[in-house]
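When a ligand or atom number is given, it counts from 1 through the structure's own listing order. Just so it is clear, the values below take in all heavy atoms, side chains as well, and ignore hydrogens, waters and symmetry mates.
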Amino acid sequence: MAAQNNAPLPDGLEIAGYRIVKKIASGGFSIVYLAYDGDGVAVAIKEYLPSSLALRQEGELVPTISKAHLPVFRIGLKCFFEEGRALARISHPNVVSVLNFFRANDTVYMVMAYESGHSLQEHIQRQRAKGSKVGEAFIRTIFLQVLKGLREVHANKLLHLDLKPANIYLRTDGTPMLLDFGAARQTVNNDLPTLTPMYTPGFAPPELYAKAGGLGPWSDVYSIGASMFACMAGAPPQPADQRKTGDKMAGHFDKLEGQYTPELVKMVRWCLALDPLERPQSLFALQKVLQAAPAAPAAPPPPQGVLDRLGAGWRGLVGRLGGQDQSKPQAKAGPDTLI
Ligand SMILES: Nc1ncnc2c1ncn2[C@@H]1O[C@H](COP(=O)(O)OP(=O)(O)O)[C@@H](O)[C@H]1O
Ligand SMILES: [Mg+2]
């Protein structure tokens with residue numbers, strides 16, 4: 001991801017009834033601030049500011065966008081707005097809570113309930129620094145809740161499409177919530193290369209690399225498997241496009257045997273099947289495996305034909321502006337075309 005080079009809003013700034021306390025994070029597309037609302041309640045405000053398109057110097061509030069970048073900036077802005085609007089419909093303890101969004105400074109701001117904690121990615125890194133692994137009981141507990149949140153997202157006919165440990169946030173009470181439905185950025189027409197697609201190598205399913213689409217709940221299932229793998233191995237799986245030509249995952253899975261129960265390793269393998277039809281066909285199937293006591297019998301093979309029931313009508317945040325075909329995947333995916 002491109003680094004965020006823009007100046008953040010100054011600490012103490014009053015904006016739309018909120019007072020900015022400080023910047024808490026920034027990525028290539030946005031800056032996240034801790035702020036207080038009029039009642040003194042802490043919120044997290046995410047500001048749309050793609051660093052490749054917008055320039056904001058120290059002391060300025062409104063970013064400068066060149067004429068050439070303006071159309072792409074506006075499409076991205078619409079996607080960001082869609083992200084907020086879609087999320088605002090979802091109310092679930094395991095999904096970040098969007099409270100408001102507003103326009104100011106020629107851009108858009110999404111206001112979320114502020115949660116103190118850290119990302120699962122940071123947790124993995126801390127464990128690795130200590131020379132230890134993320135334990136199985138922790139993985140089962142966290143991902144059971146993550147799946148509950150994701151079921152709610154899917155029940156709203158939305159896909160996350162950028163699931164990874166950095167977007168799974170662990171509150172200080174230990175409960176996880178899904179963050180960053182910013183995959184909406186990818187909606188942008190492929191002919192407009194300046195707003196680069198943001199799939200994350202290792203966590204993105206193979207169908208996300210393909211222009212033809214074929215995205216569905218199975219795509220988030222791949223990323224769930226990849227995130228669990230990252231917890232277990234301490235590193236992301238081999239990127240899906242590389243796996244298509246020289247899959248090295250079997251060896252990595254073998255290394256996990258003995259450290260984790262065969263049921264868990266089998267489940268992660270199952271989620272990470274390159275062919276979407278060979279992945280678990282429902283989140284419920286995954287929940288059942290995670291809930292089972294570790295010594296329980298191995299997970300059943302994926303039921304056939306369930307995709308037919310899931311296939312129609314899915315709208316990821318990706319594809320909202322028509323960039324992707326949301327139809328169900330074919331049994332054999334076509335040749336990969338990098339976006
Ligand atoms: N609601 C929130 N409460 C607390 N921190 C948050 C919240 N939303 C985002 N953050 C912080 O900002 C970081 C980046 O947020 P995210 O939505 O993933 O944006 P990005 O598009 O930059 O990845 C998170 O890892 C987290 O540290
Ligand atoms: Mg993120």
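Looking at Glu136 and Thr261, their side chains do bring a donor and an acceptor atom within 3.5 Å of each other.
Annotation: the span from Phe81 atom CZ to Phe102 atom CZ amounts to 12.0 Å, rounded to 0.5 Å.
Within Asp180, the N, O or S atom at minimum distance from the Mg ion (ligand 2) carries the name OD2.
Below 4.0 Å from some heavy atom of Ala44 lie the following atoms of ligand 1, by number and element: 1 (N), 2 (C), 3 (N), 7 (C). Ligand 1 places these atoms under 4.0 Å from at least one heavy atom of Met112: 1 (N), 8 (N). Counting the atoms of ligand 1 from 1 in the order shown, those under 4.0 Å from a heavy atom of Ser30 are 21 (O), 22 (O).
Polar contact check, Tyr114 against ligand 1: no nitrogen or oxygen pair lies under 3.5 Å apart. Between Val96 and ligand 1, a contact under 3.5 Å exists for no N or O pair. The shortest N/O to N/O separation between Asn167 and ligand 1 falls below 3.5 Å.
Between Phe181 and His160, the distance from one ring center to the other falls under 6.0 angstrom.
Within the 4.0 Å heavy-atom criterion, the part of Val32 lying near ligand 1 is the side chain and not the backbone. For Ala25, every heavy-atom contact with ligand 1 shorter than 4.0 Å involves the side chain, none the backbone. Neither the backbone nor the side chain of Leu34 has any atom closer than 4.0 Å to an atom of ligand 1 (non-hydrogen atoms only). Residue contacts with ligand 1 for Ala113 involve N, CA, C or O but no side-chain atom from C-beta outward (heavy atoms, distance under 4.0 Å). At a 4.0 Å heavy-atom cut-off, ligand 1 does not touch Phe29 at all.
A salt bridge links Glu47 with Arg56: the closest approach of a Lys/Arg side-chain nitrogen to an acidic carboxylate oxygen falls below 4.0 angstrom. Contact check on Arg19 versus Asp37 returns no salt bridge, with no Lys/Arg side-chain nitrogen under 4.0 Å from an Asp/Glu carboxylate oxygen. Checked for salt-bridge contact, Glu263 and Lys266 miss the test: no charged N lies under 4.0 Å from a carboxylate O.
A heavy-atom separation below 4.0 Å is not found between Ser119 and ligand 1.
Every pair passing ring-ring contact (aromatic ring centres under 6.0 Å, His included) that includes a residue from residues 230-267 is listed here, sequence neighbours excluded: Phe229-Phe253.
In this structure, of Phe80, Tyr48, Tyr169, the residue bringing a heavy atom nearest to atom 27 (O) of ligand 1 is Tyr169. Here the shortest heavy-atom distance to atom 19 (O) of ligand 1, taken over Lys23, Lys164, Lys46, belongs to Lys46.
Under a hydrophobic-cluster definition in which Ile, Leu, Val, Met, Phe, Trp and Tyr are linked whenever side-chain heavy atoms come within less than 4.5 Å, directly or via other members, Phe203 and Leu274 are assigned to different clusters.
No donor-acceptor distance shorter than 3.5 angstrom exists from the side chain of Arg171 to the backbone of Gly117, with no hydrogens or angles considered.
Chaining together hydrophobic side chains whose heavy atoms lie under 4.5 Å apart places Tyr36 alongside Val21, Ile24, Val32, Leu34, Tyr114.
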